[in-house]
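To find a chain, count down the sequence lines: A is the first, B the second, and so on, and within it residues start at 1.
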Number of protein chains: 2
Amino acid sequence: MDVFFKKIETYTKLSAESRTAWEAILTAKTYKRGDNFVTEGQAPKKVAFVVKGLFSQNYVSDKGEVVIKTFFPEQRFAASVSAMLSKTPSMFTITALEDTSVLEYDFFAFKKLSEQYMDIATFYINYMELHWIIEKEPLEIALRHDPAGKRYAAFADKFPSLIKRLKKHHIASYLGITPTQLSRILLTNK
Amino acid sequence: MDVFFKKIETYTKLSAESRTAWEAILTAKTYKRGDNFVTEGQAPKKVAFVVKGLFSQNYVSDKGEVVIKTFFPEQRFAASVSAMLSKTPSMFTITALEDTSVLEYDFFAFKKLSEQYMDIATFYINYMELHWIIEKEPLEIALRHDPAGKRYAAFADKFPSLIKRLKKHHIASYLGITPTQLSRILLTNK
DNA sequence: CCAAAACATTTACATTTGTTGAGGAATTGA
DNA sequence: TCAATTCCTCAACAAATGTAAATGTTTTGG
């Protein structure tokens with residue numbers, strides 16, 4: 001539990017009441033490797049803070065190709081946010097790539113807290129600013145402009161430890177290329 | 001001015017005080033086609049609500065290739081957000097593709113208002129949720145997975161009026177392809 | 001209105017990436 | 001442990017996209 005609020009406070013300081021209120025909606029859970037936290041087609045309601053382990057958020061095309069959008073390692077908040085916000089079935093599945101223990105909470109309960117406690121609203125704003133804006137802007141350019149080799153180098157540079165934990169085909173799926181192409185890239189960079 | 005607050009209220013209802021406070025930091029300005037609202041390398045501070053006209057936000061690579069990340073037509077809020085948030089030089093330029101009239105305000109003055117007035121914080125949250133999460137999630141998948149022809153079709157489908165206003169090379173730049181390739185795609189789809 | 005600049009298309013060739021299928025290595029779960 | 005499964009790499013060929021250069025059209029600013 002401490003690790004949770006310690007992480008929260010990297011976004012903004014929390015009052016004691018806010019902490020207590022948030023604590024009240026937290027539940028500890030574990031997911032075995034291969035388990036889904038969110039399943040495509042269902043309307044999700046929960047956010048999972050990853051204490052230990054690793055989730056991926058992925059889309060499966062009609063042809064069965066898997067495209068990974070994001071990895072959620074330790075201390076990240078995993079959720080299919082746009083599905084919750086629009087209360088529609090999720091286009092993504094969130095899967096445990098490793099045995100994963102989390103602290104879960106109901107997103108709408110959280111939203112209510114954010115309307116009640118200004119510091120929780122501030123957390124939410126700061127979280128979105130960092131992870132949905134600051135981190136995504138360069139990525140959007142790279143996806144349009146950079147060849148996969150360059151995107152791999154950038155990913156490896158930013159998340160060296162993740163690279164070691166991931167299967168190659170997961171990395172390929174995140175880069176939007178086939179395992180074949182990733183093999184070629186790794187050959188070239190050797 | 002009315003069109004501004006009318007748009008705001010599509011995100012959340014605003015109290016009279018909030019409106020007055022926000023109104024106080026608004027300035028009307030115009031940009032001729034080709035003018036920059038934000039220039040790469042500078043630390044921007046302002047947000048521009050587009051009343052009439054069209055901006056593009058683009059990145060220029062070291063080789064001089066232009067990659068367009070977003071278009072800001074009427075009633076959108078144009079800004080290089082991550083540069084402002086992190087108070088670093090912008091990696092993007094925001095340019096007027098047409099003669100454009102805007103209502104500008106200082107982003108940090110706005111942030112202060114959002115800490116003071118809960119309804120302005122709610123606007124900011126709702127705005128980010130819609131434009132940075134709900135709209136971006138499918139795009140991120142498409143950029144990784146869909147060939148340019150399919151991305152063109154999706155763009156044309158979602159913004160039919162924009163397609164007519166834009167030069168082909170701007171559309172190509174938004175899709176992350178060359179004008180040559182866009183020509184081929186348009187040939188095929190004919 | 002007109003000359004200059006910007007834009008769009010096409011062709012030929014190069015590069016990147018995808019597809020399919022095969023073989024061997026690593027991993028896993030009973 | 002060990003058989004089954006999953007994973008990785010590689011080869012050969014196919015498709016998508018990039019590059020460069022030529023040409024004709026459109027737009028634009030004076």
Quickly work out the [X] [atom1] to [N] [atom2] distance and round it to whole Å.
| X | N | atom1 | atom2 | answer |
| --- | --- | --- | --- | --- |
| B:Gln181 | C:dT10 | CD | C1' | 13 Å |
| B:Glu98 | D:dT27 | CD | P | 14 Å |
| A:Leu186 | C:dT17 | CG | P | 13 Å |
| B:Leu182 | D:dG18 | CG | C1' | 14 Å |
| B:Ile177 | C:dA8 | CD1 | P | 13 Å |

Does NZ or CZ of B:Arg76 come closer than 6.0 Å to the centre of the six-membered ring of B:Phe49, within 45° of the ring's axis? no
Could you tell me if the ring centre of B:Phe55 sits under 6.0 Å from that of B:Phe37? yes
Within residues 138-159 of chain A, find the residues that approach DNA chain C with a heavy atom at under 4.0 Å, and present them sorted by residue number. A:Pro147, A:Ala148
Any idea how A:Phe107 and A:Tyr124 line up, ring-wise: parallel (<30°), tilted (30 to 60°), or perpendicular (>60°)? perpendicular
Steps toward side-chain contact (heavy atoms from CB on, under 4.5 Å) verdict (B:Ile171, B:Leu182): CA-CA 8 Å; B:Ile171 299 175; B:Leu182 180 55; 4.1 Å; yes
Around A:Lys111, counting heavy atoms of other residues, nucleotides and ligands shown, do more than 12 lie under 6.0 Å from its NZ? yes
Crowded around B:Lys45 NZ? As in, over 12 foreign heavy atoms under 6.0 Å? no
Rounded at 0.5 Å granularity, tell me how far OH in B:Tyr31 sits from OG1 in B:Thr100. 10.0 Å
Using modelled atom types and a 3.5 Å cut-off, is there a donor and acceptor pairing between side-chain atoms of [X] and backbone atoms of [Y]?
| X | Y | result |
| --- | --- | --- |
| B:Ser80 | B:Ala83 | no |
| B:Thr39 | B:Gln42 | no |
| B:Asp99 | B:Arg33 | yes |

Using heavy atoms and a sub-4.0 Å distance, could you list which residues of residues 60-69 of chain B are near DNA chain D? By number, please. none
Hey, can you pull the residues of residues 164-171 of chain A with a non-hydrogen atom under 4.0 angstrom from DNA chain D? A:Lys167, A:Lys168, A:His169
Any side-chain N or O of A:Arg33 under 4.0 Å from OP1/OP2 of C:dT27? no
Would you mind reporting whether A:Phe110 and A:Trp22 have side-chain heavy atoms less than 4.5 Å apart? yes
Go through it in stages, so that I can follow the logic: the residues are A:Glu40 and A:Met91, the test is side-chain contact (heavy atoms from CB on, under 4.5 Å), and I'd like the CA-CA distance, side-chain angles, deciding distance and then a yes or no. CA-CA 5 Å; A:Glu40 184 270 328; A:Met91 65 185 288; 5.6 Å; no
Between B:Thr95 and B:Thr93, is there a side-chain donor-acceptor contact under 3.5 Å, judged purely by atom types and distance? no
Every protein N/O lying under 3.5 Å from an N/O of nucleotides 10-14 of chain D:
from, atom 1, to, atom 2, distance (Å)
D:dC10, N4, A:Thr180, OG1, 3.4

Could you tell me which residues satisfy side chain to side chain donor-acceptor pair (under 3.5 Å) with B:Tyr174, sequence neighbours excluded, listed by chain and number? none
Any ion pair linking B:Glu9 and B:Lys13 (charged N to carboxylate O, less than 4.0 Å)? yes
Quick test of your reading of the model: are A:Glu98 and A:Lys52 salt-bridged, counting only N-O distances below 4.0 Å? no
Base, sugar-phosphate or nothing for B:Gly176? Non-hydrogen atoms, less than 4.0 Å. sugar-phosphate
When the axes are fitted on five pairs at both termini, how much does the helix from C:dC1-D:dG30 to C:dA30-D:dT1 curve, in 10° steps? 70°
